[in-house]
Trainee: 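First the structure, which I've put down as structure tokens, then a few questions once you've had a look.
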Amino acid sequence: MDGSDINMKLVDSYLALFKNMSNESKLVLISKLSQNIKEDIDQNNDRFFKSFGAWDETDSANEIIRNIKESRTFTRTREEF
């Protein structure tokens, strides 16, 4: 039995539970499931773009360059002779 068979059994089990629900309750459930899926998609997109260190799309090239230069730190010290 692979993962898809288990998932289909779960879906069938939930469907058996939902048959006794009122139509209004079913619509509320559908709405909440849809919202949950949208949130998961948005969260996954955010994780994807953050993993590459992407800049905010609204920043211009000059602002990005300025931010990079401002974030630089120099720790090298010169020894005097």
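When a residue number appears, it is its place in the shown sequence, counting from 1. Every value quoted in this text rests on a predicted model; they were computed, and no experiment measured them.
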Trainee: Tell me whether the count of non-hydrogen atoms from other residues, nucleotides or ligands lying under 6.0 Å of CD in Glu24 goes above 12.
Mentor: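 Incorrect, the count does not exceed 12.
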Trainee: Any idea which heavy atoms bring Lys19 and Lys26 closest together, and the distance?
Mentor: O-NZ, 4.1 Å
Trainee: State plainly whether one hydrophobic cluster holds both Val28 and Tyr14, where clusters connect Ile, Leu, Val, Met, Phe, Trp and Tyr through side-chain heavy atoms under 4.5 angstrom apart.
Mentor: no
Trainee: With rounding to the nearest 0.5 angstrom, report the NZ to CZ distance, Lys69 to Arg66.
Mentor: 11.0 Å
Trainee: Do Ser31 and Ser34 have side-chain N/O donor and acceptor atoms under 3.5 Å apart?
Mentor: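 Short answer, no.
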Trainee: Between CG of Asn67 and CD of Glu63, what distance do you get to the nearest 0.5 Å?
Mentor: 7.5 Å
Trainee: Establish whether Val11 and Leu29 are linked, either directly or via other cluster members, by ILVMFWY side-chain heavy-atom contacts under 4.5 Å.
Mentor: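 Different clusters: Val11 never reaches Leu29 through Ile, Leu, Val, Met, Phe, Trp or Tyr contacts under 4.5 Å.
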Trainee: Decide whether Met8 and Leu10 are clustered together by the hydrophobic rule: side chain heavy atoms of Ile, Leu, Val, Met, Phe, Trp, Tyr closer than 4.5 Å, transitively.
Mentor: no
Trainee: Verify, without hydrogens or angle tests, whether Glu39 (side chain) and Asn36 (backbone) share a donor-acceptor contact under 3.5 angstrom.
Mentor: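 A pair under 3.5 Å: no.
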Trainee: Supply the atom-to-atom distance Ile37 CD1 to Asp42 CG, rounded to the nearest 0.5 angstrom.
Mentor: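 These two atoms lie 12.0 Å from each other.
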Trainee: To the nearest 0.5 Å, what is the distance between CE (Met21) and CG (Leu27)?
Mentor: 9.5 Å
Trainee: To the closest 0.5 Å, what do you measure between CZ (Arg72) and CD (Glu70)?
Mentor: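 That separation rounds to 11.0 Å.
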